[in-house]
Amino acid sequence: MNITATAAWKAIEAHRQSLSPVHLRELFARDPNRVAALSLGFEGLLFDFSKQRMDSTTLALLVELTREAGLAEATTRMFGGEKINVSEDRAVLHVALRRSAAPFPSADLDVMAEVLPTRQRMAAFAEKIRSGEALGFTGMPIRTVVNIGIGGSDLGPKMLAYALRSISHPALAVHYVSNLDSAQLAPLLQTLDPRTTLFLVASKTFTTQETMLNAQTARDWLVANLGDAAAVARHFAALTAKPERAVDFGINKESVFPLWDWVGGRFSLWSAVGLALMIAIGPHAYAELLAGAERMDEHFRTTPFERNLPVVMALIGIWNTDFLGATTNAVLPYNESLRYFPSFLQQLEMESNGKSVGIDGQPVAQATNPIVWGELGNNGQHAFFQLLHQGGRLVPCDFIAAARSDFPLPGHQEALLANCFAQSAALAFGKTEDEARSELSRSMSGAALAALLPHKVFAGNQPSSTLMLSRLDPQTLGALVALYEHKVFVQGIIWGLNSFDQWGVELGKAVASSILPAVSDARLATKLDASTQGLLDFTRQHLA
Ligand code: F6P
């Protein structure tokens with residue numbers, strides 16, 4: 001289906017033409033109830049989208065798109081366990097991973113019979129490590145956990161572990177290793193005690209090059225240091241949908257925790273892939289995280305679309321991308337603990353919806369996912385915000401902040417939040433030439449004022465949403481992640497995409513395996529393109 005040919009799309013386009021000349025200053029002046037109309041609350045969350053370049057009519061028109069696209073039916077299909085990931089012939093049931101009760105999605109298809117016992121096994125394993133009961137090969141308790149994984153087997157758990165470090169076990173260190181570059185693993189190994197270290201090999205497929213090479217190197221290091229291959233059984237566990245491959249690697253069957261083909265990699269933090277996180281924060285806090293996500297699932301499934309947080313967030317993205325022409329979306333957490341949230345979102349959004357061929361195999365008629373990027377907002381202010389304020393490009397921003405700090409120091413939280421709110425206000429409202437002139441005229445006049453004046457003007461009208469969290473507790477974070485997951489699903493449905501495959505990452509993997517032998521053997525490079533040959537020549541000269 002071509003969504004751009006629908007009556008709903010055309011109505012939005014007509015509305016855009018009348019609304020787009022109106023500045024955010026004017027939109028605020030026109031409607032005293034604007035903030036009430038354009039904000040939503042959900043438990044510990046407040047989503048203020050009043051600084052988007054839209055009004056209540058825009059939202060109502062956008063909601064019509066969900067009907068044209070069949071969002072309600074698609075949601076029922078996903079929650080019902082239908083194989084909506086058609087290119088991989090798989091159901092999409094990560095929502096099952098946060099449910100507390102069986103059966104789900106139905107008595108016939110119940111996946112909870114495997115989900116719940118796995119969660120219990122994870123909890124028992126995590127408790128043994130937390131309590132010091134789990135002993136390494138030499139009889140010393142495990143005190144360090146290293147999660148080896150990449151993409152979805154790294155980003156989500158790492159992001160949440162950092163976000164929840166204020167409640168993490170004080171005597172356990174948890175590290176995340178993802179990069180092929182040995183500059184990540186090698187210095188870490190130098191700091192580790194093999195007698196007290198546990199490696200978690202997190203890989204849905206158990207074939208990913210980065211993870212397998214890092215896991216093999218860690219295994220070699222462990223065996224070399226403990227002097228016995230039998231040590232692997234006590235120092236390795238696996239989180240995978242391919243348990244037989246983990247056993248072949250040498251990992252004990254009892255230390256293999258399953259996930260299933262219906263869990264997409266970027267949605268796997270709720271599965272056994274979350275084990276390192278569960279070890280860090282404990283099974284109780286982990287259960288709260290799941291509960292927060294489950295509550296967001298229910299909100300998404302049952303709330304009318306005009307008040308439905310993920311749906312509204314998705315529609316704002318579609319408005320900015322397809323009607324206002326934005327090509328990027330900045331994610332700006334004003335909270336140190338959300339440092340890794342932008343990179344987590346990059347995979348979630350861009351691997352899901354960074355596609356231009358629809359689920360029907362036809363090219364889509366409209367732009368799809370914008371480039372998601374971001375950085376801690378306060379640091380960004382002193383780096384790239386200049387471009388947001390005066391670069392003349394449309395860059396919609398997601399500001400994210402928590403009202404309470406987890407590591408309070410006098411004066412910091414107030415100043416941090418003042419900066420967050422100031423930035424979104426300055427981006428929205430800017431500073432007119434008259435305002436700039438009147439400010440400058442207090443200290444200068446004549447030619448000097450005229451020369452400086454253009455540099456002091458801020459066009460404003462840069463759209464943003466602000467998502468406030470009461471605090472970064474597990475429940476609120478669970479809801480936050482599920483919110484963005486469902487946003488991605490909604491956008492995928494409206495854009496006509498399969499949000500759950502990722503064929504675009506395959507070509508690079510195949511090319512890398514054809515280049516690898518040529519790195520060390522020049523004769524094998526002759527069939528490669530001239531640029532690659534040149535890069536390999538340079539590399540070979542310097543590799544030794
Ligand atoms: O190559 C992309 C990808 O498949 C992601 O989708 C996934 O999260 C990541 O690689 C890691 O995959 P795995 O968990 O199978 O090692």
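For ligands, and for the atoms within them, numbers begin at 1 and follow the listed sequence. Counting begins at 1 with the first residue of the sequence.
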Pair Phe344 + Tyr484: ring centers closer than 6.0 Å: no
Element-labelled atoms of ligand 1 that are located less than 4.0 Å from some non-hydrogen atom of Gln347: 5 (C), 6 (O), 7 (C), 8 (O)
Ring centres under 6.0 angstrom apart (Phe500, Trp262): no
Geometric class of the Phe257/Phe125 ring pair [parallel <30°, tilted 30-60°, perpendicular >60°]: perpendicular
Closest protein heavy atom to atom 15 (O) of ligand 1, given as residue, atom name and distance to 0.1 Å: Thr205 OG1, 2.6 Å
Distance from atom 8 (O) of ligand 1 to nearest protein heavy atom, with residue and atom: Gly152 N, 2.8 Å
Per-atom contacts, ligand 1 versus Ser203 - under 4.0 Å to a heavy atom: 13 (P), 14 (O), 15 (O), 16 (O)
Within-cut-off N or O pair, Ser153 and ligand 1, under 3.5 Å: yes
Parallel, tilted or perpendicular: ring planes of Phe249 versus Phe236, cut at 30 and 60 degrees: tilted
Polar contact flag for Arg266 and ligand 1 (N/O pairs, less than 3.5 Å): no
Under 4.0 Å to a heavy atom of Thr208 - the qualifying atoms of ligand 1, by number: 12 (O), 13 (P), 15 (O), 16 (O)
Close approach of Lys509 to ligand 1, heavy atoms, under 4.0 angstrom: yes
Ala202 N/O under 3.5 Å from ligand 1 N/O: no
Contact summary for Ile148 and Ala218, nearest pair of heavy atoms: CD1-CB, 3.9 Å
Verify atom 10 (O) of ligand 1: protein non-hydrogen atom under 4.0 angstrom away: no
Nearest option to atom 2 (C) of ligand 1, as decided by whichever heavy atom of Glu351, Glu210, Gln209, Met212 sits closest: Glu351
Cation over ring face, Lys158 and Tyr340, 6.0 Å, 45°: yes
Which atom of Asn147 lies closest to which atom of Asp154, heavy atoms considered: ND2-CA, 4.4 Å
Ring geometry between Phe384 and Trp373 (parallel below 30°, tilted from 30 to 60°, perpendicular above 60°): perpendicular
